[in-house]
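Structure, as structure tokens:
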Amino acid sequence: MSLQTECSQLQEIPLFRNLDVSTCKLVAVSSDRVTYEPGDVVFEKGEPSDSVFFLLSGRVRIIREDGETSLELGVVEDGNVFGETGVICGRARSATVVAAVETTVLRTEREAFLELLQCKPLVSLALTRELAKRLDTVNGRLFEVTSGRPAHG
């Protein structure tokens, strides 16, 4: 795949919508393109958070297992990022991620991602917005579970 195509795909991801082409090319060049088949494990709970994944195409499932209990926490579809929380917090992976369909990602090493956040405030702001939306969704679900009522309405 051409560098131009990867840049175009990256610019579809909300974190990179306002990123200039040269920075987008830098992210693409400093990342590894990886394709997973359905059922492939991208990473497992407890592994070091050594990279962030930009989902170019496909879909992954986020699964949390505790002994015999397994719970799907969510699904991430193309145009999104995953694996960033452990990198930002400096902790091990909190869940297992499995490809639901054929999935292609750009895998960016921890240090390169953190440097990007430091050098590009618009990317940091977009990531903050994404994390806030996720927190809002989780809070809504928690309200529904604990109150027995829909969160919105």
Side-chain angles (χ1 to χ4, degrees), residues 1 6 9-19 24 27-28 30-153:
M1 180 163 290
E6 282 188 350
Q9 286 180 310
L10 277 173
Q11 289 177 320
E12 294 298 315
I13 296 172
L15 290 184
F16 299 128
R17 284 211 175 109
N18 297 316
L19 210 57
C24 203
V27 170
S30 65
S31 300
D32 295 320
R33 184 182 192 87
V34 183
T35 300
Y36 298 95
E37 296 300 320
D40 286 352
V41 174
V42 178
F43 58 75
E44 291 190 34
K45 178 183 174 190
E47 290 181 353
S49 295
D50 59 358
S51 54
V52 174
F53 298 83
F54 303 109
L55 191 47
L56 300 179
S57 66
R59 185 173 61 248
V60 297
R61 297 172 40 234
I62 302 171
I63 301 167
R64 182 77 183 258
E65 296 174 336
D66 188 17
E68 294 180 19
T69 304
S70 179
L71 178 66
E72 183 173 296
L73 299 177
V75 174
V76 180
E77 298 190 355
D78 58 329
N80 287 291
V81 60
F82 64 94
E84 77 289 347
T85 305
V87 167
I88 293 169
C89 295
R91 65 172 198 243
R93 302 289 188 196
S94 61
T96 297
V97 174
V98 177
V101 297
E102 184 175 299
T103 300
T104 301
V105 300
L106 281 183
R107 179 182 183 272
T108 303
E109 294 295 322
R110 176 185 182 279
E111 294 77 19
F113 181 70
L114 292 175
E115 185 175 330
L116 175 67
L117 293 180
Q118 289 176 337
C119 295
K120 297 295 178 179
L122 288 177
V123 175
S124 295
L125 181 59
L127 180 61
T128 301
R129 285 186 178 131
E130 177 61 28
L131 294 173
K133 285 193 307 191
R134 290 182 196 173
L135 180 59
D136 188 47
T137 299
V138 169
N139 284 340
R141 288 181 185 161
L142 181 60
F143 178 81
E144 289 175 2
V145 168
T146 58
S147 71
R149 299 184 316 209
H152 301 286

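One-based numbering along the sequence shown.
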Worksheet, complete the sentence: Sorted by chain and number, sequence neighbours left out, salt bridge (Lys or Arg N to Asp or Glu O under 4.0 Å) with Asp50 holds for Arg93, Arg107

Fill in: Minimum heavy-atom distance between Ala99 and Tyr36, given as atom pair plus value
CB-CB, 3.8 Å

Worksheet item: Hey, are the side chains of Leu116 and Phe16 touching, using non-hydrogen atoms and a 4.5 Å cut-off?
Response: yes

Worksheet item: With a 4.5 Å limit on heavy-atom distance, are the side chains of Glu144 and Arg149 in contact?
Response: no

Worksheet item: Rounded to the nearest 0.5 Å, how far apart are CD of Gln11 and CZ of Arg17?
Response: 10.5 Å

Worksheet item: What pair of heavy atoms forms the shortest contact from Pro38 to Ala100, and how long is it?
Response: CB-O, 3.8 Å

Worksheet item: Out of curiosity, Glu84 CD to Cys89 SG, how far, rounded to the nearest 0.5 Å?
Response: 9.5 Å

Discussion item. Going by side-chain hydrogen bond (donor to acceptor under 3.5 Å, both in side chains), name the pairs with one or both residues in residues 117-133, residues two or more places apart or in two chains.
Written reply: Asp20-Lys120, Thr23-Lys120, Glu130-Arg134

Item to complete: Give the minimum heavy-atom separation between Ala92 and Ser49, together with the two atoms involved.
Response: C-OG, 3.5 Å

Discussion item. Please enumerate all residues that pass side chain to side chain donor-acceptor pair (under 3.5 Å) together with Thr104, with sequence neighbours excluded.
Written reply: Thr35

Practice prompt. For Glu6 and Val27, run side-chain contact (heavy atoms from CB on, under 4.5 Å): C-alpha distance rounded to whole Å, both residues' side-chain angles, the deciding distance at 0.1 Å, then the answer.
Written response: CA-CA 10 Å; Glu6 282 188 350; Val27 170; over 6 Å; no

Worksheet item: Any side-chain hydrogen bond (donor to acceptor under 3.5 Å, both in side chains) pairs touching residues 66-81, not counting sequence neighbours?
Response: Arg61-Glu72

Response to the item:
One should read off an interatomic distance between Glu109 CD and Leu114 CG, to the nearest 0.5 angstrom, of 11.0 Å

Discussion item. Could you work out, with side chain to side chain contact (heavy atoms under 4.5 Å, CB included) as the rule, every residue matching Leu122, not counting sequence neighbours?
Written reply: Asn18

Worksheet entry | Heavy-atom side-chain contact between Ile88 and Leu127 under 4.5 Å | yes

Worksheet entry | Residues which pass side chain to side chain donor-acceptor pair (under 3.5 Å) with Thr103, listed by chain and number, not counting sequence neighbours | none

Worksheet entry | Whether over 12 other heavy atoms sit under 6.0 Å from Glu47 CD | yes

Fill in: Any side-chain heavy-atom pair of Phe54 and Leu15 under 4.5 Å
yes

Discussion item. I'd like to check Val42 versus Phe82 (side-chain heavy atoms, cut-off strictly below 4.5 Å). Are they in contact?
Written reply: yes

Discussion item. I'd like to know if the side chain of Arg33 reaches the main chain of Val105, judged simply by a donor and an acceptor atom lying under 3.5 Å from each other, with no hydrogens or angles considered.
Written reply: no

Worksheet item: Between Glu65 and Ile63, which heavy-atom pair has the shortest distance, and what is it?
Response: CG-CG2, 3.9 Å

Discussion item. Please give me the minimum heavy-atom distance between Pro14 and Ala126, naming the atom from each residue.
Written reply: O-CB, 3.9 Å

Worksheet item: Atom CG in Leu10, atom OG in Ser31: separation rounded to 0.5 Å?
Response: 7.0 Å

